[in-house]
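Letters A, B, ... are given to chains in the order of the sequence lines, protein chains preceding strands, and every chain is numbered from 1. Both backbone and side-chain heavy atoms feed into the values below; hydrogens, waters and symmetry mates do not.
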2 protein chains.
Amino acid sequence: MASIKDVAAEAGVSVATVSRVLNDHPSVSEDARRRVMAAVAALGYRPNAVARSLRTDQTHTLGLVISDVLNPYFTELARSVEEEARALGYSVIIGNADERPDLQDHHVRTLLDRRIDGLLVSPTDGGSPLMLDAARAGTPMVFVDRWIPGVDVPVVRSDGRAAVRDLVAHLHGLGHRRLAIIAGPAATTTGRERVEAFREALADLGLPLPDAYIGQGDFQAESGRRVTEGFLDLPEPPEVVFAADNLMALGALDAVRARGLTVPGDLALAAFDDIPWFVHTDPPVTAIAQPTGELGRAAVRALVDRIEGRPPRSVTLPARLVVRRSCGEPPQPLPPSPVQRSTS
Amino acid sequence: MASIKDVAAEAGVSVATVSRVLNDHPSVSEDARRRVMAAVAALGYRPNAVARSLRTDQTHTLGLVISDVLNPYFTELARSVEEEARALGYSVIIGNADERPDLQDHHVRTLLDRRIDGLLVSPTDGGSPLMLDAARAGTPMVFVDRWIPGVDVPVVRSDGRAAVRDLVAHLHGLGHRRLAIIAGPAATTTGRERVEAFREALADLGLPLPDAYIGQGDFQAESGRRVTEGFLDLPEPPEVVFAADNLMALGALDAVRARGLTVPGDLALAAFDDIPWFVHTDPPVTAIAQPTGELGRAAVRALVDRIEGRPPRSVTLPARLVVRRSCGEPPQPLPPSPVQRSTS
DNA sequence: CCTCCTCGTGGAATCGATTACACGACCGCG
DNA sequence: CGCGGTCGTGTAATCGATTCCACGAGGAGG
């Protein structure tokens with residue numbers, strides 16, 4: 001592959017001049033510029049980004065470590081991250097942690113070895129020493145969706161508290177009183193917060209949240225199925241389950257169907273994270289929708305601000321309730337209810 | 001960040017010795033090795049992959065350019081590619097082309113600039129000069145899922161011909177006679193082949209495939225919706241539509257529902273590419289399943305073979321029909337029919 | 001006509017690794 | 001005791017870019 005030396009030789013100038021032309025440095029004669037451009041075209045020369053990075057100590061690359069690519073929520077997040085990054089002149093390397101701390105660590109390590117300019121993380125756990133050290137050592141970093149408390153890193157996330165409250169009000173309004181939740185891992189902020197918000201919203205309405213109605217999931221479909229089976233085996237099963245992410249909701253749907261029961265007849269279902277497929281499931285699933293695309297874009301902007309020396313800002317965007325049929329109420333052609341307007 | 005020089009100084013040896021220890025070269029004294037390891041630990045040293053790549057001309061990175069990350073089929077493909085690559089000691093950079101040739105070109109260019117060791121592509125179109133030149137110039141490359149005819153690059157894909165035949169037989173057996181297809185872009189091999197297979201299977205049963213029953217889609221949901229509306233507006237609408245990918249099937253489902261019609265009552269539906277969600281849609285969708293994970297792994301193995309100097313092999317794996325309820329037949333608890341065993 | 005700037009250019013150092021080559025110490029063998 | 005070989009190590013070249021510095025040519029000003 002042609003190098004800058006070949007171009008210099010072809011154009012009859014020095015490598016310094018070639019470099020200046022390529023980086024359009026002002027002091028290059030028009031003649032030299034033309035000759036260099038001609039040589040570049042003739043040789044099909046493309047600068048070696050590896051060499052350039054070594055010299056400039058910039059890779060123009062961001063790392064994105066997410067918990068699970070197969071989760072449509074994260075897929076969409078990854079897509080919007082890449083789009084915004086591209087618009088700002090950066091590439092993105094995605095690492096899929098699969099909800100496994102060891103894999104997360106592997107990816108963080110690899111990305112740091114490659115000297116990415118900044119790191120976007122949706123942490124699977126409390127954070128490995130490696131990650132915490134990197135943050136402390138000044139690697140530009142931004143948490144997205146999930147974060148690690150007590151670490152001085154900007155956070156871009158959505159606040160589902162109001163939407164959860166709307167959801168609980170909606171369920172209460174439909175007459176449901178025994179509400180259960182399939183929680184996410186306690187090691188994650190989203191895992192804890194959604195339970196907290198749910199508990200508070202219930203408390204406000206004077207409803208209890210017994211321990212038996214809190215199932216421990218891991219954000220994967222299988223755990224949703226398992227927990228739901230547990231609920232159904234209870235002497236007094238819940239009337240509704242709220243899954244803390246879309247995959248566990250899918251598992252719950254499976255579990256209900258496997259017993260020959262129906263949603264919402266035998267058990268109502270709601271989920272955190274809305275995805276296109278929820279419109280098409282049987283029945284369509286009531287869910288809390290995050291502004292996923294905006295989240296990804298804001299995260300990239302914050303990270304690039306940090307990289308380029310501007311002060312980054314944490315961002316919190318509201319989630320909103322989207323009512324469908326999985327909790328019992330047919331979507332009547334009604335004037336928009338307070339519930340559907342939701343949040344802010 | 002500590003460099004190899006710092007480690008050398010700390011350990012009281014030369015950089016050459018440090019490098020030898022790190023690459024466990026045989027001739028290093030036990031004493032030197034210990035001192036270097038201690039220095040590495042003390043400084044938290046991690047080798048700079050950029051510098052290493054420049055020197056060795058290897059990045060241990062593969063590029064993967066896919067047509068659409070939001071399509072669950074490609075998401076799963078990407079995941080299996082990353083897994084297998086990681087197992088073989090490579091990282092993967094994913095480029096999402098979004099079915100746009102210009103974006104595909106952008107990613108190929110960026111990846112080549114980064115001097116990735118090899119490229120996995122599922123081409124969106126006939127291939128840009130850039131990509132064809134790279135292939136001709138000897139960049140290790142493997143096509144996955146889709147390919148470009150006439151280019152000397154190994155192809156890893158699945159053959160859906162037999163499964164399409166099974167599907168048509170299944171539909172015919174259910175009494176359907178007016179079968180339509182939502183085709184993919186003619187610029188893609190998968191777009192063309194699925195139509196071809198469908199047409200041949202119909203011909204074998206003496207059924208026509210009128211032009212009006214061939215809708216032109218682009219593998220995106222919106223086109224599925226549009227084409228399906230066109231079908232429904234026909235004086236004699238088809239009884240079944242076969243969507244050439246899962247997203248267009250989703251669009252078709254939307255279109256049918258938007259008219260207040262039902263699947264399969266008013267229009268039966270089948271799709272190429274099976275995805276977990278098809279189990280949960282209303283109704284569950286009959287689909288042709290590719291061995292996606294195996295495809296991704298085989299593609300990586302072929303590419304790495306090529307990179308490491310072994311002869312790469314093209315691979316073709318069979319797809320199989322998965323019957324659900326969207327074509328009319330309830331899934332009776334019957335002895336496995338020839339249709340369900342399918343293909344090979 | 002001399003001096004001082006500016007402009008365009010090239011030489012060479014540099015980034016952080018790998019690795020060919022040279023060299024000294026030490027061993028065994030004749 | 002001398003010679004050749006092995007072993008461990010260091011020096012320096014190298015990968016392909018960027019960029020500091022120096023230098024010569026040419027123009028402006030005194």
Report summary line: Rounded to whole Å, CG of A:D31 lies from P of C:dC7 at a distance of 18 Å
Requested in this report: For a side chain to side chain contact (heavy atoms under 4.5 Å, CB included) with A:F74, tell me which candidate from A:D245, A:D145, A:L64 qualifies.
Outcome: A:D145
Report task. Could you tell me whether A:E83 and A:R86 make a salt bridge, using a distance below 4.0 angstrom between a side-chain N and a carboxylate O? Result -> no
Query - Value in whole Å for how far the P atom of D:dA17 lies from NE2 of A:H25 - result: 18 Å
Requested in this report: Round to a whole Å and report the spacing from CD of B:E30 to C1' of D:dC7.
Outcome: 14 Å
Requested in this report: Give a yes-or-no answer on whether the side chains of A:S53 and A:R115 include a donor-acceptor pair shorter than 3.5 Å.
Outcome: no
Requested in this report: For the residue pair B:R52 and B:T59, confirm or rule out a side-chain donor-acceptor distance under 3.5 Å.
Outcome: no
Report task. Would you indicate, yes or no, if D:dC7 has its OP1 or OP2 atom less than 4.0 angstrom from a side-chain nitrogen or oxygen of B:S29? Result -> no
Report summary line: A correct 5'-to-3' footprint of nucleotides 13-19 of chain C, with B, S and - meaning base, sugar-phosphate only and no protein heavy atom under 4.0 Å, is BBBBBBB
Query - salt bridge (charged side-chain N to carboxylate O under 4.0 Å, His left out) partners for B:R20, two or more places apart - result: none
What side-chain donor-acceptor pairs closer than 3.5 Å can you find for residues 134-143 of chain A, not counting sequence neighbours?
| from | atom 1 | to | atom 2 | distance (Å) |
| --- | --- | --- | --- | --- |
| A:R136 | NH1 | A:D133 | OD1 | 3.1 |
| A:T139 | OG1 | A:A134 | O | 3.2 |

